[in-house]
Amino acid sequence: LSIDIWGFARHLGTDHKFNERNGGVGGKYFWCSLPEGMYLTFFRVKNSLSGLTYGMGTGFESEVLRVNFFKHSFRLGAGIDTNYLNYGVPELCNTSGRCRQGFTVRGALPMGFISLGTDRVQLIVHRLVQTQKIYLFGIQIRM
């Protein structure tokens, strides 16, 4: 079991002013342990358009590298989450200036990630959209 704490996102290669403070919480329930593990995941974060996003899905993580440094062990992991998202947007406007209130996007989204840290605490970086340079940063604490 883990608790995930989400903090901020980076939208590279765009002039648009997205909300990059994407605070939120989530968790994972692991079916098996590393070096390779599958899990159920769930989360709630403030999204980049200042709405709330809820998600739930499955994921897989594999340990890529382990380095022992004095009495501490550090690991590099990589994996993919496939989450069904409910991406709520307070307002969506098109180029002609027409707006829709309470717009919501739903659907499955695969998100690759890397993790770096100890067996108990890792920094996680998700690439949210494979065709864009959008990254979400968080911390995972394993129980």
Side-chain angles (χ1 to χ4, degrees), residues 1-69 72-95 97-143:
L1 188 63
S2 76
I3 296 173
D4 301 338
I5 303 167
W6 300 106
F8 64 95
R10 288 293 176 246
H11 300 76
L12 304 175
T14 182
D15 292 332
H16 189 78
K17 301 296 181 200
F18 288 104
N19 168 46
E20 293 196 332
R21 287 174 283 182
N22 301 113
V25 296
K28 292 182 177 81
Y29 175 76
F30 291 87
W31 291 326
C32 47
S33 60
L34 289 174
E36 295 183 340
M38 293 190 70
Y39 52 84
L40 292 174
T41 181
F42 55 92
F43 61 89
R44 176 183 174 224
V45 298
K46 187 170 185 178
N47 63 45
S48 298
L49 296 172
S50 298
L52 290 177
T53 296
Y54 301 89
M56 180 178 230
T58 61
F60 177 82
E61 182 177 7
S62 182
E63 186 176 284
V64 176
L65 178 68
R66 181 172 290 273
V67 176
N68 293 318
F69 187 69
H72 300 285
S73 182
F74 296 91
R75 57 176 295 278
L76 174 68
I80 190 164
D81 286 344
T82 302
N83 291 303
Y84 183 84
L85 301 178
N86 184 337
Y87 193 92
V89 179
E91 180 179 75
L92 183 70
C93 300
N94 63 20
T95 56
R98 296 189 61 162
C99 296
R100 241 171 95 178
Q101 300 292 324
F103 181 76
T104 300
V105 177
R106 291 183 180 91
L109 180 65
M111 297 181 285
F113 68 89
I114 58 171
S115 62
L116 178 63
T118 65
D119 286 334
R120 183 157 168 130
V121 178
Q122 294 95 36
L123 171 66
I124 299 177
V125 181
H126 270 92
R127 184 163 186 183
L128 296 184
V129 180
Q130 300 307 313
T131 59
Q132 305 286 325
K133 294 179 182 174
I134 304 171
Y135 301 93
L136 178 64
F137 296 82
I139 294 174
Q140 181 177 81
I141 303 166
R142 294 186 190 223
M143 304 297 161

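Sequence positions, counted from 1, serve as the residue numbers for this chain.
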Practice task
Output the distance between atom CG (L123) and atom CD1 (I139), rounded to the nearest 0.5 Å.
Solution key: 6.5 Å

Exercise for the section: State which residues pass ring pair (Phe, Tyr, Trp, His ring centres under 6.0 Å) with F137; sequence neighbours excluded, sorted by chain then number. Expected result: F8

Practice task
Could you tell me which residues satisfy side chain to side chain donor-acceptor pair (under 3.5 Å) with R10, sequence neighbours excluded, listed by chain and number?
Solution key: E20

Problem - Interatomic spacing from CG in L52 to CG in N86 - rounded to 0.5 Å - result: 9.5 Å

Practice task
Verify the neighbour count for atom CZ of F74: are there more than 12 heavy atoms of other residues, nucleotides or ligands below 6.0 Å?
Solution key: yes

Handout entry: Backbone N/O of S48 and side chain of R21: donor-acceptor pair under 3.5 Å
Key = no

Exercise for the section: First locate atom NZ of K133, then atom OG1 of T14, and finally report the distance between them rounded to the nearest 0.5 Å. Expected result: 11.5 Å

Exercise for the section: Given side chain to side chain contact (heavy atoms under 4.5 Å, CB included), test L136 with V125 step by step and report yes or no. Expected result: CA-CA 6 Å; L136 178 64; V125 181; over 6 Å; no

Completion exercise
Contacts of H11 meeting ring pair (Phe, Tyr, Trp, His ring centres under 6.0 Å) (sequence neighbours excluded), chain-then-number -> F18

Exercise for the section: Go through the side-chain N and O atoms of S73 and N68 and say whether any donor and acceptor fall under 3.5 Å apart. Expected result: yes

Practice task
Go through the structure and list residues passing side-chain contact (heavy atoms from CB on, under 4.5 Å) with P110, not counting sequence neighbours.
Solution key: I80, T82

Practice task
Apply ring pair (Phe, Tyr, Trp, His ring centres under 6.0 Å) to Y54 and list each qualifying residue two or more places apart in sequence or on a separate chain.
Solution key: none

Exercise for the section: List in chain and number order the residues that pass side chain to side chain donor-acceptor pair (under 3.5 Å) with S50, two or more places apart in sequence or in another chain; answer none if no residue qualifies. Expected result: none

Fill in the blank from the handout: In terms of heavy-atom contacts, W6 and G138 come closest through CE3-CA, 3.5 Å

Handout entry: Check against side chain to side chain contact (heavy atoms under 4.5 Å, CB included), R127 and M111
Key = CA-CA 6 Å; R127 184 163 186 183; M111 297 181 285; over 6 Å; no

Practice task
Check whether any side-chain heavy atom of M56 lies under 4.5 Å from a side-chain heavy atom of T41, and answer yes or no.
Solution key: no

Practice task
Would you check if the distance from the ring center of Y39 to the ring center of Y29 is below 6.0 Å?
Solution key: no

Problem - Inter-residue atom distance M143.CE - L1.CG, 0.5 Å rounding - result: 6.0 Å

Exercise for the section: Applying salt bridge (charged side-chain N to carboxylate O under 4.0 Å, His left out), name anything that partners D81, two or more places apart in sequence or on another chain. Expected result: none

Problem - Listed partners of T53 passing side chain to side chain donor-acceptor pair (under 3.5 Å), at least two apart - result: N47

Handout entry: Results of ring pair (Phe, Tyr, Trp, His ring centres under 6.0 Å) for F43 - residues two or more places apart only
Key = none

Practice task
Show your working on side-chain hydrogen bond (donor to acceptor under 3.5 Å, both in side chains) between S115 and E61 and close with a plain yes or no.
Solution key: CA-CA 9 Å; S115 62; E61 182 177 7; 2.8 Å; yes

Problem - Heavy-atom pair of closest approach, residues A9 and N22 - result: CB-OD1, 2.7 Å

Exercise for the section: Test N83 against L109 for side chain to side chain contact (heavy atoms under 4.5 Å, CB included), laying out the working first. Expected result: CA-CA 5 Å; N83 291 303; L109 180 65; 5.7 Å; no

Handout entry: Distance (rounded to the nearest 0.5 Å) between L116 CG and R75 CZ
Key = 9.0 Å

Exercise for the section: May I have the step-by-step check of side chain to side chain contact (heavy atoms under 4.5 Å, CB included) for F42 and L40, ending in yes or no? Expected result: CA-CA 7 Å; F42 55 92; L40 292 174; 6.0 Å; no

Handout entry: Those residues that, when tested against I5, pass side-chain contact (heavy atoms from CB on, under 4.5 Å) (two or more places apart)
Key = I3, I141

Practice task
Applying salt bridge (Lys or Arg N to Asp or Glu O under 4.0 Å), run through D119 and R66 and close with a yes or a no.
Solution key: CA-CA 10 Å; D119 286 334; R66 181 172 290 273; 2.7 Å; yes

Fill in the blank from the handout: The side-chain contact (heavy atoms from CB on, under 4.5 Å) partners of F60 (sequence neighbours excluded) come to E36, M38, S62

Exercise for the section: With sequence neighbours left out, write down each residue that passes side chain to side chain donor-acceptor pair (under 3.5 Å) with K46, or none if nothing qualifies. Expected result: none

Problem - L12 CG to Y135 OH distance, which is reported to the nearest 0.5 Å - result: 6.0 Å

Exercise for the section: Determine whether the side chains of R142 and Q122 contain a donor N or O and an acceptor N or O closer than 3.5 Å. Expected result: yes

